Every structure is written in structure tokens, then in C-alpha cells.
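The block underneath contains the structure these notes are about, expressed in C-alpha cells.
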Amino acid sequence: MPVKFKGLKKFQRPMLLCSLCSNCSATCCSFKAYGWESYTPRARVAMSRYYVEGVFKDDAKYADRLYNCTMCKECEANCSAGFSPWEVFQAARIDLWTAGKAPAVLKPVNTNIKETGNVLKFNKDARDAWVKDVKQKVATDGKNLLFAGCIPAYKNGDALKKLATLYHAMGMPLSVIPGNQEACCGLPALDSGNADLFNELVAKNIQEILKLKPDRIVFACPSCYAFVNEYYGQESADFKKIPLVFYTDDLLKGIKEGKVRVKGFYKPTRVTYHDPCHLGRFSMLWDSPREIIKAIPNADYVELMNCKDHTACCGSGGQLMVVSPEANSKIADKRIGEVTEKNVQILVNTCFTCQNTLQGAAFRSGADDLEVLHILDIIDDG
Ligand code: SF4
Ligand code: SF4
């Protein structure tokens with residue numbers, strides 16, 4: 001059964017709960033980037049309410065405000081009325097996409113996914129190209145199945161090779177979906193408002209995964225992890241029974257058992273961690289990355305002001321990196337500002353997209369003594 005999404009009309013009553021208190025505004029990264037009231041969550045809710053009632057009719061302005069949002073869910077975490085502005089925005093995007101009023105720049109993204117199964121329009125057959133160098137360390141039984149995700153598979157093959165090596169060392173080799181049949185998890189389609197394509201991808205992935213009868217699925221990308229967790233079980237009861245695991249939980253266990261080792265700093269070094277929205281706020285998984293970092297000899301761990309379920313977005317979520325690269329950069333710059341004010345020397349990420357975005361912001365900031373690393377960079381090659 002395809003995942004059923006509600007249209008904006010179904011949110012008319014919940015939207016009335018918004019008292020315009022503005023509790024959600026100050027921490028909204030989109031508002032921080034633009035500085036205009038109409039880019040606050042409460043303004044988006046009010047606009048949605050008047051749009052669905054037919055009072056506000058400016059399609060272009062409405063689409064601009066709704067898509068210039070990272071879908072980071074921070075407004076839901078802060079809403080004093082206890083409802084989810086995020087669900088309103090998701091419904092609004094689905095309505096706008098269906099009516100052909102979504103930003104035109106999102107169309108190629110959706111065409112790429114439809115034609116190649118990935119957002120980047122890479123050759124479908126190259127999805128598992130990283131496997132050839134570690135073939136002897138990758139299982140074929142499908143039991144400990146890796147869901148690689150588009151960005152790791154095509155852009156971060158070296159990291160996946162290392163992950164495969166580490167899992168092999170832990171005695172639980174990863175398998176991949178054979179024949180390059182893994183497809184995009186569907187998040188970029190859903191963020192575009194394209195619920196039909198999202199459902200197509202969910203159905204395809206579930207079909208391929210169930211053929212393998214996996215004991216568990218390991219995720220290399222926080223966004224795939226969050227959205228597969230949230231939606232795939234709604235489509236298939238059999239899928240819902242499969243345990244889903246984010247790789248840092250396994251690596252921490254491997255460290256505790258002495259099968260995986262962290263690298264060390266030769267002198268005390270201030271280190272912090274950026275919770276990706278999809279891991280921190282959406283999945284509430286924040287302990288294992290911190291414990292791994294704290295296990296590094298000489299790591300002086302400091303916490304950022306906005307962390308865990310109140311983490312600040314890197315700026316790339318909600319397809320903002322496609323809709324407005326400028327706003328994306330401004331938000332990333334603000335996040336890096338939070339890091340530099342703590343005099344941190346190493347910022348660790350668990351998400352390849354956050355990693356890339358924050359690396360760019362760190363470079364722009366001119367903070368020569370700040371290094372932005374992926375958590376796999378601080379783990380020994382094994
Ligand atoms: S989802 Fe994030 S960016 Fe969008 S309105 Fe809410 S707090 Fe702002
Ligand atoms: S916190 Fe909730 S009730 Fe208050 S303005 Fe924001 S969306 Fe409305």
C-alpha cells in the first residue's frame with residue numbers, strides 16, 4: 001500500500017492552533033538567513049492557512065516561502081501549540097507540486113531520480129563501483145544489508161570501502177543489493193512534493209530488499225535512515241519487521257569490543273559534533289557518535305549550543321541547496337559561526353552532505369585552525 005499523504009486542506013483545523021506566538025521563529029534557520037518575517041515558520045503556517053482558504057492567492061510568493069525552508073523540523077520541536085508546522089509544509093509542498101507550482105529548478109532533480117535512480121544523474125550501473133576494491137570483504141548473502149544511499153555510493157566510495165572493511169573486521173560483513181538495484185530512498189522527491197515518485201521508489205526498494213530476506217539493514221546516510229524508518233514500514237508490514245541500524249551504533253560496539261580502533265590526537269584538541277537534523281531531531285540518535293569521538297585519546301569534547309534535538313541545520317535540507325544555494329550557504333556560515341565561537345579545532349560529522357556543506361562554510365570563514373572531518377576519518381583503517 002503506498003504511503004498516504006494528506007493535502008493541506010486536512011490541516012485547516014490544526015493550523016488554527018497556531019497562536020502566532022513566534023516561539024518557533026528565532027531558531028528557524030531560514031528566518032536567520034533571510035531576516036524577513038515572511039520567512040518564519042509562523043508566517044508559513046499563516047500563509048498556508050490563507051492560501052488553502054483562497055484568501056492569499058500569490059502562487060509564486062507562496063511557493064518561494066514554502067520551498068525556502070530546509071524542512072529541518074526545528075519549528076516542530078519549538079511549537080508551543082504542540083502541532084507540527086513541518087507536516088503542514090510537507091502537505092503544502094505536495095499540493096504545490098501536484099498543481100505544477102513548485103520551483104522549476106526541482107524538475108530536473110526529479111527527472112534524474114526517475115531516469116537513473118539517483119539525484120546526481122550518475123550512471124545507474126556505477127552505483128556499486130566502490131565494491132570492486134573491497135569485494136573480498138563484502139558478503140553476498142544479503143543478511144547484513146547496507147543501504148548505501150545516492151551521495152555515499154556515488155560521491156563517497158572511499159568512505160564506503162572503509163565501512164565495509166570495518167564491518168568485515170567486526171565479523172559481520174556488509175552485503176549490497178545486487179545488480180545496482182538500490183534506488184534513491186525517495187527523500188529528494190518527497191521534499192520536492194513529488195509524493196508519486198516517492199512512493200514508486202519506496203515500492204522498488206522494498207521489493208529488492210525483501211527478496212534478500214535481510215536480518216538487518218545498515219545505513220550510511222542519516223537522511224535515508226530517517227525516511228526509510230519513518231515511511232517504508234507504512235508501505236510494507238514485512239519490511240517493518242526488519243531492524244534498521246545506523247553505522248555509528250555498530251562501530252561504537254566494535255570499539256568497545258576492541259575490534260575497531262579510533263585514531264588519536266598527539267596533543268589535547270577541542271572537538272565537537274554536528275548533529276545532522278535527520279539523525280538528531282528526526283531519529284533521536286546522538287549518543288554513539290559522541291561516544292566514538294570521546295574515545296579518541298586527547299579529545300577535549302565540547303558541545304555546541306544548538307545540539308541533539310535542537311541541532312541547527314547545515315542549510316542543505318529540504319532541497320534548499322537546489323532552490324537557493326545562497327540561502328544554503330548563509331545558513332551553513334551561521335552554523336560554522338557557532339563552531340568557531342567555541343574555539344573548536346575539529347568539527348565531526350556523520351552525514352556526507354552536512355560534511356560537504358560545512359567544509360565549504362569553514363573555508364569561507366577563514367578559520368585556518370578548524371578542520372571539518374567525517375567520523376570515519378577519526379577511525380583507524382583496520
Ligand atoms: S522546518 Fe526549519 S527552516 Fe523550515 S520553517 Fe521550520 S524551522 Fe524554519
Ligand atoms: S510556535 Fe507554533 S503556535 Fe507559536 S507561532 Fe510557531 S507555529 Fe504558531
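As the structure is a prediction and not an experimental result, all values here were calculated from the model. These numbers come from the heavy atoms of this one structure, side chains and all, not from hydrogens, waters or symmetry mates. Each ligand, and each atom within it, is numbered from 1 in the order the structure gives.
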Review point. Under the side-chain hydrogen bond (donor to acceptor under 3.5 Å, both in side chains) criterion, do T311 and R335 qualify, and how do the steps go?
Key: CA-CA 10 Å; T311 186; R335 185 58 165 162; 3.2 Å; yes
Check your understanding: Should the proximity of M71 to ligand 1, defined as any heavy atom under 4.0 Å, be assigned to the side chain, the backbone, both, or neither?
Key -> backbone
Review point. Side chain, backbone, both or neither: which part of F89 comes within less than 4.0 Å of ligand 1 when only heavy atoms are counted?
Key: side chain
Check your understanding: Any side-chain heavy atom of V131 within less than 4.5 Å of one from V176?
Key -> yes
Check your understanding: Hey, are the side chains of N349 and I375 touching, using non-hydrogen atoms and a 4.5 Å cut-off?
Key -> no
Check your understanding: Do Y67 and F89 make the cut of ring centroids closer than 6.0 angstrom?
Key -> no
Review point. Would a line drawn from the ring center of F219 to the ring center of Y225 be shorter than 6.0 Å?
Key: yes
Quick check against the 3.5 Å criterion: does [X] have a side-chain atom that pairs as donor or acceptor with the backbone of [Y]?
X    : Y    : answer
D377 : H374 : yes
R270 : V302 : no
T357 : C314 : no

Exercise for review: Tell me, please, if C75 has any N/O/S atom, main chain or side chain, under 2.8 Å from atom 6 (Fe) of ligand 1?
Suggested key: yes
Practice item. Tell me yes or no: between the side chains of S365 and D333, is some donor less than 3.5 Å from an acceptor? Key: no
Protein residue, atom and distance nearest to [atom], heavy-atom basis:
atom                    : value
atom 2 (Fe) of ligand 2 : C79 SG, 2.4 Å
atom 8 (Fe) of ligand 2 : C18 SG, 2.3 Å
atom 1 (S) of ligand 1  : C72 N, 3.3 Å
atom 3 (S) of ligand 2  : S19 N, 3.5 Å
atom 4 (Fe) of ligand 2 : C21 SG, 2.3 Å
atom 6 (Fe) of ligand 2 : C24 SG, 2.3 Å

Please list, in number order, the atoms of ligand 2 under 4.0 Å from a heavy atom of [X].
X   : result
S22 : 4 (Fe), 5 (S)
A81 : 3 (S)
R42 : 5 (S)

Practice item. Of the side chain and backbone of S25, name the one, both, or neither that has a heavy atom under 4.0 Å from an atom of ligand 2. Key: neither
Review point. At the 4.0 Å heavy-atom cut-off, does P41 count as touching ligand 2?
Key: no
Practice item. Could you tell me which atoms of ligand 1, counted from 1 in the order shown, lie closer than 4.0 angstrom to a heavy atom of R44? Key: 5 (S)
Practice item. With heavy atoms of C28 as the reference, note each atom of ligand 1 found under 4.0 Å away. Key: 3 (S), 5 (S), 7 (S), 8 (Fe)
Exercise for review: State whether F11 and K6 meet the cation-pi test: NZ (Lys) or CZ (Arg) under 6.0 Å from the six-membered ring centroid, and within 45° of the perpendicular axis.
Suggested key: yes
**Study point:** Pi-cation contact, W86 with K73 (under 6.0 Å, within 45°)
**Key:** yes
Exercise for review: State whether C29 contributes an N/O/S atom found under 2.8 Å from atom 4 (Fe) of ligand 1.
Suggested key: no
